[in-house]
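Below is one structure; the comments refer to it alone.
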Amino acid sequence: MKEMTPLEELRHSAAHVLATAVLRLFPETQLDIGPPTDTGFYYDFDLDHKLTQDDLVRIEDEMRKVAKENQRFERFETSREEGEAMIRKIGQERYKLGRLADIPQGEPISFYRNGEFVDLCAGTHVNYTKKLKAFKLLSIAGAYHRGDEKNKQLQRIYGTAFPTKAELDAYMEQLEEAKKRDHRKLGRELKLFHIDEAVGQGLVLWTPKGSVIRQELQDFISDELRKQGYSQVFTPHIGKLGLYRTSGHFPYYKESQFNPVVERDALERLADEGCSCSELSNHIDEGTVDGYLLKPMNCPMHIKIFDSQPRSYRDLPVRLAEFGTVYRWEQSGELSGMTRVRGFTQDDAHIFCMEEQVGAEIRGCLDLVRIVFRTLGMNDYRVRIGLRDPDSTKYTGNPELWDKAETALRDAASSLDVPHTEEPGEAAFYGPKIDFVVKDVIGREWQLGTVQVDYNLPERFELNYVGADNKEHRPVMIHRAPFGSMERFTGVLIEHFAGNFPVWLSPEQVRVLPITDDQLDFAREIEAQLKAANIRCSIDSHADKFGAKVRRAELERIPYMFVVGKNEVAEGQVTIRSRTNKGDEGSRPVAEAVARIIEAIESRELPC
RNA sequence: GCCCUUGUAGCUCAGUCGGUAGAGCACUUCCUUGGUAAGGAAGAGGUCGGCGGUUCAAAUCCGCUCGAGGGCUCCA
C-alpha cells in the first residue's frame with residue numbers, strides 16, 4: 001500500500017469522521033468506501049433515507065463533535081477470518097465483505113478504530129480526530145457501487161479538509177473565483193455563444209462575437225496546414241449507413257450516434273407492411289433497410305476521397321484536412337456548455353502514408369499541436385498515450401497491427417521533450433492515440449488535441465497504393481486534430497483567458513471613446529482608419545459620462561480603448577488605454593496608434 | 001441513462017400562512033456634454049419552464065414532463 005501524504009492522511013481521516021457522524025445519525029447505514037481525492041474526500045453510503053442539504057449541516061455538526069471528542073485513531077491487523085468476523089460484528093457485511101475479498105492474499109488486513117467507529121482500512125490516518133480543524137461538506141451525489149452502473153447507486157457525500165482554517169477559506173475563495181471564469185457564464189456575459197433548448201441539447205449556436213474567435217482560430221490553423229502540405233476538403237454531414245458499417249462505427253457504437261435516417265421509400269413500404277418499430281430497428285441492424293447516418297466521424301469520407309483515384313507511392317503522404325462537423329448522441333447527463341456537446345466541428349485531418357513515413361508524420365502532427373498550444377500560451381497540459389485495454393473486446397483489427405501502431409506512437413512521444421503517461425484503455429476503437437489533456441476551471445479534464453495511428457481502417461476499406469516495386473501496398477492512416485473540436489477548445493480558451501482574449505482573437509479589438517459628442521466626427525474618422533486597417537472596432541456614442549464608457553469597455557474585455565477629447569482633436573492624436581495597463585498611456589498620432597494595434601495583432605501578442 | 005439540486009423580466013435575484021407579480025442592472029426616450037470602472041428622470045418589458053390535478057382562488061400544494069447545475073456511468 002502506497003504511503004499517503006500528510007494532506008491525504010488528513011482528508012482520509014475526515015472521511016472516517018464523516019462516516020462516524022453518519023452512523024450516529026443514521027445507524028442503519030451500510031458503508032462502502034471513503035478515500036481522499038485531489039481536492040478533498042468522499043464517502044459512499046447506502047441508506048434508505050434520502051440525504052438532503054439539511055442533513056449535510058447536521059452531519060457536519062456531528063463531525064465537529066467527533067473532532068472535539070479527540071478520539072484516537074488506532075490501527076489493528078487481523079487474519080482474514082478475524083477480519084470477516086469483525087465486519088459481521090460491526091454489522092457492515094453488505095460492502096465491506098466484498099472489499100475484504102479484494103485484498104490480495106499475503107497483504108495485511110487492517111482496521112482503524114476511532115471511538116465507537118471501526119472501519120476496514122489500509123490507512124493511514126492522523127493520530128487524533130482533534131487534528132481535523134478545517135473541513136467542510138460540499139455536496140451529495142449518486143455514485144454506483146464499484147463504479148458499475150449495473151450495481152446499486154449509493155449516496156456519496158463530498159467534502160474537503162485542510163490543515164488550517166485559512167487554507168480552507170482560501171480554497172473556498174478559489175472555487176468562487178473559478179466560477180467567475182466559467183465559460184458558460186462568460187459565454188453569456190460576453191455574448192460568445194448560445195445554447196437554446198428549442199434548438200436542442202448540446203447544440204451550440206455561435207453568435208457573431210464567438211464566431212469571430214472561431215474564424216480567427218480556423219484561419220490560424222489553416223495557415224499552418226498550408227505550410228505543412230495539407231489539402232483542404234469539404235464533405236457532407238450525412239452519409240449512407242453502409243459506409244459506417246464498413247468503418248465499424250455502426251452498429252458497434254450505435255448507442256452513441258443519432259438514430260439513422262431511413263429512406264422515405266423504404267419507410268413507406270415498411271409502413272404498408274405493418275412493420276413495427278422494433279422490426280424496423282432490426283431491419284436497420286441487419287442491413288436489409290438502408291438509411292443515412294449523421295456522421296459521427298469524418299474519416300470514412302476522407303478515406304473515400306483518398307480512394308477515389310489510384311495512388312502512387314510518389315503521391316504519399318496524402319494529407320486531407322477539413323473543419324468537419326460531426327454528431328454524437330452523448331448521454332443527457334454528460335452535456336456541459338461547449339465542452340461536451342452533441343454536434344461539434346473538429347479541425348480534422350487524415351494522413352495517408354507509407355509505413356516508413358509514419359514516425360515523421362506523427363512528429364509533424366505533434367509539432368502542430370504544440371505550435372497551437374504555445375501560440376495561445378496554454379502550457380498547463382499533460383500528454384497521454386492511450387493504449388488498448390488488453391481485457392476489452394471493443395477494438396477492431398489484429399494485435400500485430402496494434403503493436404506496430406503503439407510502438408510508433410511511443411517512439412514519437414518519447415522524441416517530445418514533454419512528460420507523458422501511458423494509459424491502457426484510452427485508445428480509440430481503431431487505434432492508439434496521443435492526447436493533449438487540459439483542465440477546466442473546476443478541475444475536470446478535457447481531451448483537446450489528439451494524434452491517432454490507424455492500421456485498421458485502411459484494412460477495412462482495402463486501401464492501396466502502388467509502390468516503387470509496382471505492387472499494391474496498404475497505406476497507414478493518421479487521424480489528428482490539434483484543437484480537438486472548435487467548441488470544446490473555445491470553451492476551454494474562454495476559461496484560460498478568463499474572457500481576456502489576445503488582441504488577434506478579440507471580437508472587438510479597439511473601442512473609440514469620445515469624451516463628449518463634440519468629438520464624434522473625429523471618432524468616426526479614426527474608426528474609418530481602423531476599419532481600413534482591418535481592425536475590429538466601434539464607437540461608444542452613448543449619452544453617458546466618460547467613466548461609464550470606460551467601464552463598459554472594460555466589462556466587455558476590449559483590449560484597447562482610443563480616447564478622443566478636445567485636446568486629441570486639436571492635435572490629431574488619440575490617447576490609448578489598454579486592458580492590461582489601465583489608465584492614461586499618453587497620446588500619440590493616430591497612424592502610430594493604429595500601427596501599434598496592427599503589431600499586437602500580427603505578433604499574436606498574449607495578454608500579460 | 002441514473003442520483004441529488006434547481007427553473008420568477010435579457011442578466012442577477014426578492015416574493016412571508018395559497019388571494020392572479022417586484023427590485024437592481026441592461027434596454028428605449030428625454031435632460032445632462034461629463035478626461036480613464038456606474039449622472040438624472042420617465043417608459044417599456046413576465047400567460048412565474050410546459051402540461052395536468054387539488055382549490056372559490058396556485059408563482060406558491062400534488063403529479064407528470066422539459067431544461068439547467070453538481071456527481072456517477074459513458075466519451076469511437
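Each chain gets a letter, A, B and so on, in the order the sequences are listed, and its residues count up from 1. Values below: all heavy atoms of this structure, side chains included; hydrogens, waters and symmetry mates excluded.
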**Prompt:** Is it true that A:Phe429 and A:Tyr395 have ring centroids separated by less than 6.0 Å?
**Reply:** no
**Request:** May I ask you to check whether A:His12 and A:Phe41 place their ring centers less than 6.0 Å from one another?
**Result:** no
Need the pair for [N]. Rule: Watson-Crick or G-U wobble, both distances under 3.5 Å, any strand; none if unpaired.
N	answer
B:U55	none
B:A42	B:U28
B:C72	B:G1
B:A23	B:U12
B:C64	B:G50

**Message:** On RNA chain B, does the nearest nucleotide to A:Gly147 precede the nearest nucleotide to A:Ser139 from the 5' side, or the other way round? Give the residue.
**Reply:** A:Ser139
**Message:** Show every salt bridge (charged side-chain N to carboxylate O under 4.0 Å, His left out) that has at least one partner inside residues 198-209 of chain A, sequence neighbours left out.
**Reply:** A:Lys209-A:Glu556
**Message:** Distance check needed: B:G70 P versus A:Leu335 CG, whole Å only.
**Reply:** 12 Å
**Prompt:** Whole-Å distance between B:C75 C1' and A:Asp440 CG?
**Reply:** 15 Å
Can you list, pair by pair, the side-chain donor-acceptor contacts under 3.5 Å of residues 561-569 of chain A, counting residues two or more places apart and other chains?
unit_1: A:Glu568; atom_1: OE1; unit_2: A:Gly565; atom_2: N; d: 2.9
unit_1: A:Glu568; atom_1: OE2; unit_2: A:Thr575; atom_2: OG1; d: 2.5

**Prompt:** Using a cut-off of 4.0 Å on non-hydrogen atoms, how would the nucleic acid contact of A:Leu555 be classed: base, sugar-phosphate, or nothing?
**Reply:** base
**Prompt:** With a 4.0 Å cut-off on heavy atoms, is A:Tyr158 in touch with a base, just the backbone sugar-phosphate, or nothing at all?
**Reply:** sugar-phosphate
Tell me every residue that passes ring pair (Phe, Tyr, Trp, His ring centres under 6.0 Å) with [X], counting only those two or more places apart in sequence or in another chain.
X	value
A:His194	none
A:Phe306	A:Phe352
A:Phe45	A:Tyr43

Is the phosphate of [N] approached by [X] (side-chain N or O, under 4.0 Å from OP1 or OP2)?
X	N	result
A:Arg156	B:G70	no
A:Gln447	B:C75	no
A:Arg184	B:G69	yes
A:Arg188	B:U12	yes

Pairing residues for [X] by the side chain to side chain contact (heavy atoms under 4.5 Å, CB included) criterion, not counting sequence neighbours:
X	value
A:Arg146	A:Arg99, A:Asp102, A:Asn151
A:Leu520	A:Pro514, A:Asp517, A:Arg524, A:Ile539, A:Ser541
A:Glu571	A:Gln573

**Request:** Step by step, work out the side chain to side chain donor-acceptor pair (under 3.5 Å) result for A:Thr450 and A:Gln452.
**Result:** CA-CA 7 Å; A:Thr450 181; A:Gln452 310 173 357; 3.0 Å; yes
**Asked** What's the spacing between A:Leu47 CG and A:Gln30 CD if we round to 0.5 Å?
**Response** 10.0 Å
**Asked** What distance separates A:Leu138 CG from A:Ile157 CD1, expressed to the nearest 0.5 Å?
**Response** 11.0 Å
**Asked** Looking only at N and O atoms, is any donor in the side chain of A:Arg340 or the base of B:C75 less than 3.5 Å from an acceptor on the other one?
**Response** yes
Which protein N or O atoms sit under 3.5 Å from an N or O of nucleotides 27-36 of chain B?
unit_1: B:U33; atom_1: O2; unit_2: A:Asp517; atom_2: N; d: 2.9
unit_1: B:U33; atom_1: N3; unit_2: A:Asp517; atom_2: OD2; d: 3.0
unit_1: B:U33; atom_1: O4; unit_2: A:Asp517; atom_2: OD2; d: 2.7
unit_1: B:G34; atom_1: N7; unit_2: A:Ile515; atom_2: O; d: 2.5
unit_1: B:G35; atom_1: O6; unit_2: A:Lys566; atom_2: N; d: 3.1
unit_1: B:G35; atom_1: O6; unit_2: A:Asn567; atom_2: N; d: 3.2
unit_1: B:G35; atom_1: O6; unit_2: A:Asn567; atom_2: ND2; d: 3.4
unit_1: B:G35; atom_1: O6; unit_2: A:Glu568; atom_2: OE1; d: 3.3
unit_1: B:G35; atom_1: N1; unit_2: A:Glu568; atom_2: OE1; d: 2.8
unit_1: B:G35; atom_1: N1; unit_2: A:Glu568; atom_2: OE2; d: 3.1
unit_1: B:G35; atom_1: N2; unit_2: A:Glu568; atom_2: OE2; d: 2.6
unit_1: B:U36; atom_1: O3'; unit_2: A:Arg577; atom_2: NH1; d: 3.4
unit_1: B:U36; atom_1: O2'; unit_2: A:Arg577; atom_2: NH1; d: 2.9
unit_1: B:U36; atom_1: O2; unit_2: A:Arg577; atom_2: NH1; d: 3.2

**Request:** Sugar-phosphate atoms are those with a prime plus P, OP1 and OP2; base atoms are the rest. Using that split, label each nucleotide of nucleotides 2-8 of chain B B, S or - for protein heavy atoms under 4.0 Å, 5' to 3'.
**Result:** BBS----
Between protein and nucleic acid, restricted to nucleotides 41-46 of chain B and to nitrogen or oxygen atoms under 3.5 Å apart, what atom pairs and distances do you find?
none

**Asked** Quick one, which residues of residues 428-437 of chain A touch RNA chain B with a heavy atom under 4.0 Å?
**Response** A:Ala428, A:Phe429, A:Tyr430, A:Lys433
**Message:** Can you tell whether the side chains of A:Arg94 and A:Asp32 come within less than 4.0 Å, N to carboxylate O?
**Reply:** no
